[in-house]
Amino acid sequence: MQILLGITGGVAAYKSADLARLLVHQGHRVRCVLTEAGARFITPLTLSSLTGEPCYGANPDLGEWRAQPVVEHIDLARWADLVVVAPATADMLGKAANGLAPDLLSTVLLATRAPILWAPAMNTGMWEHPAVQANLARLRSFGHGVVEPGAGLLACGEEGAGKLADIAVIADAIQCHGSPRLPGLTGQRVLITAGPTREDLDPVRTLTNRSTGAMGVELARAFRDAGAAVTLVLGGDLAAPWGVEALRVRSAQEMLAACQAQWGLADGLVAAAAVADQRPEATLPEKAKKTAGPEQLVLVRTPDILATLAAARRPGQWTIGFAAESERHLEHAAAKLRSKGLDAILVNDVQAGRAFGAQANTLTPLTAAGPQTPLGPLPKDQLARAVAQWWAQQLATRQA
Ligand code: CTP
C-alpha cells in the first residue's frame with residue numbers, strides 16, 4: 001500500500017517514526033507530511049531516512065516547503081491509498097471536521113479520495129471536550145476511521161485518556177483499512193469464540209488448558225479484514241484486534257452466556273475456543289487447605305457452546321467448529337459435524353504438539369460434501385486468512 005502518514009504537533013510525534021519504520025518493514029511505501037507544529041517535535045530528516053521517501057510539509061527553517069505546493073497537495077492526495085494522521089491534534093481534527101484547509105496536510109485531507117484514519121493524542125480534558133468529540137463524530141460520519149487513544153500517564157503529567165494508541169494497534173487498524181473486502185463475508189455479523197476457558201477450584205487455583213487463543217484472535221482479524229462485523233468472545237490474556245467487539249470471559253458457563261446474548265444478532269459462528277470439557281463441581285470461596293491422604297476432585301461437564309448455539313440457530317445462520325484430533329481425524333470430525341449439526345468443521349491434527357503453540361498449522365475443512373483441500377501449512381495469521389477466504393467463497397456461492 002502507499003500510505004501517507006500525517007504527523008501533527010504533539011509529544012507523541014516521536015512515536016510516528018516507529019510507526020513509519022514498522023509500516024515500511026511490513027512492505028508499504030510511506031510518505032510523511034509534517035505540520036509546522038509537528039516539525040517542532042520530529043525532523044523531516046528522521047522520517048525521510050526511515051521511509052526512503054521525501055518528507056513533505058511546513059518547515060521553512062529546513063527548506064521543506066517544496067517548489068509547487070499548489071500541485072503537491074493534489075499529487076499527494078492521489079498518491080495515497082490510505083491517509084493516516086498519527087498523532088492527530090484536536091486542532092487538526094477540528095480543521096478536517098469543518099472543511100478548513102490552511103496547510104498542506106489539511107488540504108491533502110480535503111482533496112484525497114483515499115480512506116482516512118485518525119489516531120488522536122492529547123490531554124484528557126481536551127479529548128473529553130464536547131467540541132473534540134463532536135468533531136470526531138462528524139469525521140466518523142464522513143466514513144473516517146478512528147484509533148481511539150488509550151489511557152495512562154500523559155506527557156502533561158495527568159493520568160487519563162488521550163495517550164496515542166500503541167503503534168501495533170495503529171498498524172492493525174491500517175491493515176484492516178487496506179485489506180480487500182471479500183464478497184460473501186462483507187457485512188456479515190460473525191461471532192467468534194477463542195482462547196482457553198478457566199474453571200476455578202478456589203480463589204487461587206484453576207483448571208485450564210494450553211490454548212493461547214492465538215488462532216481465534218487471528219480469525220477475528222481475518223474476518224474483520226474481509227468486511228465482517230466481528231464479536232469476539234475471548235478467554236485467556238491475548239489482546240483483541242482493533243475494530244473487533246471483544247467480550248472477556250473466564251469460564252465455559254460465562255462464555256456460553258456471552259455467546260447466547262449475541263447469537264440472535266449474528267449471521268454466523270466460528271467456534272475456535274478450547275473450552276474446558278469439565279469444571280469442578282463447586283468453586284470454593286476460600287483457598288482449599290491440603291489434607292492428609294488421597295484427595296478427590298469431583299468434576300462435572302461444562303456446556304457444549306457450539307452444539308448449544310447450533311441447536312438454537314434460526315434459518316440462514318451458519319456454524320463452523322474446530323476438531324482437534326490426534327488420530328482418525330476425518331472420521332472423528334465427520335461424526336462431530338453430524339452430531340453438533342454444523343455447516344463446516346476445520347480439522348486440526350494435534351498429534352505431537354502440532355497445534356498448540358506451533359508455528360505453522362494445517363486445517364482441513366470438512367462439510368457435508370466431504371473433506372475439502374487442506375489449508376496450510378501456514379503461520380496462524382495466514383491460515384486464518386485462508387479460512388476466511390475459503391468460507392467467503394462458500395457463502396458467496398450460497399448467496400448467488
Ligand atoms: N466446543 C464448545 N464447547 C465445549 C467443547 C467444545 O463450543 N464445551 C467447540 C470447540 O470450540 C470446537 C468444537 O467444539 O469448535 C470441538 O471441540 P473438540 O475439543 O475438538 O471436541 P469435543 O467436541 O470437545 O469432543 P472430544 O473432546 O471428545 O474430542
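Whatever order the structure lists ligands and atoms in, that order sets their numbers, starting from 1.
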Protein contact to atom 5 (C) of ligand 1 [nearest heavy atom, distance to 0.1 Å]: Asp277 OD1, 3.6 Å

Polar contacts were defined as any N/O atom of the residue lying under 3.5 Å from an N/O atom of the ligand; does this apply to Lys336 and ligand 1? yes

Is the closest N or O pair between Ala324 and ligand 1 shorter than 3.5 Å? yes

Under a 4.0 Å threshold between the charged nitrogen and the carboxylate oxygen, would Arg198 count as salt-bridged to Asp237? yes

With rounding to the nearest 0.5 Å, note down the distance linking CG in Leu104 to OG1 in Thr107. 4.5 Å

Would you check whether Pro303 has a nitrogen or oxygen atom less than 3.5 angstrom from a nitrogen or oxygen atom of ligand 1? yes

Among protein heavy atoms, which lies nearest atom 11 (O) of ligand 1, and at what distance? Ala273 O, 2.7 Å

Heteroatom proximity flag, Ala323 to ligand 1, N/O under 3.5 Å: no

With heavy-atom distances below 4.0 Å as the criterion, list the atoms of ligand 1 near Ala271. 11 (O), 12 (C), 15 (O)

Report, in ascending order of atom number, the atoms of ligand 1 lying under 4.0 Å from any heavy atom of Gly321. 15 (O)

Basic-acidic side-chain contact under 4.0 Å: Glu254, Arg279: no

Residue and atom name of the nearest protein heavy atom (relative to atom 12 (C) of ligand 1), distance in Å to one decimal: Phe322 O, 3.2 Å

Would you mind reporting whether Lys290 and Glu295 have side-chain heavy atoms less than 4.5 Å apart? yes

Geometric N/O contact Ile305 with ligand 1, under 3.5 angstrom: yes

Heavy-atom protein contact below 4.0 Å for atom 24 (O) of ligand 1: yes

Verify side-chain contact (heavy atoms from CB on, under 4.5 Å) between Trp118 and Leu109, making sure each step is shown before the conclusion. CA-CA 11 Å; Trp118 297 92; Leu109 287 164; 3.6 Å; yes

Any non-hydrogen atom of Ala307 lying under 4.0 Å from ligand 1? no

Determine whether a donor-acceptor pair (N or O, by modelled atom type, separation under 3.5 Å) exists between the side chain of Thr197 and the backbone of Ser251. no

Pro120 and Pro149: which non-hydrogen atoms are nearest, and at how many Å? O-CB, 3.6 Å

Sorted by chain and number, sequence neighbours left out, salt bridge (charged side-chain N to carboxylate O under 4.0 Å, His left out) with Arg224 holds for Asp172

Taking side chain as C-beta onward, heavy atoms only, is Leu269 less than 4.5 Å from Thr193? yes

Under 4.0 Å, counting heavy atoms only: does Lys340 come that close to any atom of ligand 1? yes

Atom 20 (O) of ligand 1: any protein heavy atom closer than 4.0 Å: yes

Output yes when the distance from some N or O of ligand 1 to some N or O of Ala272 is under 3.5 Å, and no in every other case. no

How far is atom 4 (C) of ligand 1 from the closest protein heavy atom, and which atom is that? Val275 CB, 3.5 Å

Basic-acidic side-chain contact under 4.0 Å: Asp225, Arg221: no

Heavy-atom pair of closest approach, residues Val190 and Ala228: CG2-CB, 3.8 Å

Can you pull out the closest protein heavy atom to atom 7 (O) of ligand 1? Residue, atom name and distance to 0.1 Å, please. Leu306 N, 2.9 Å

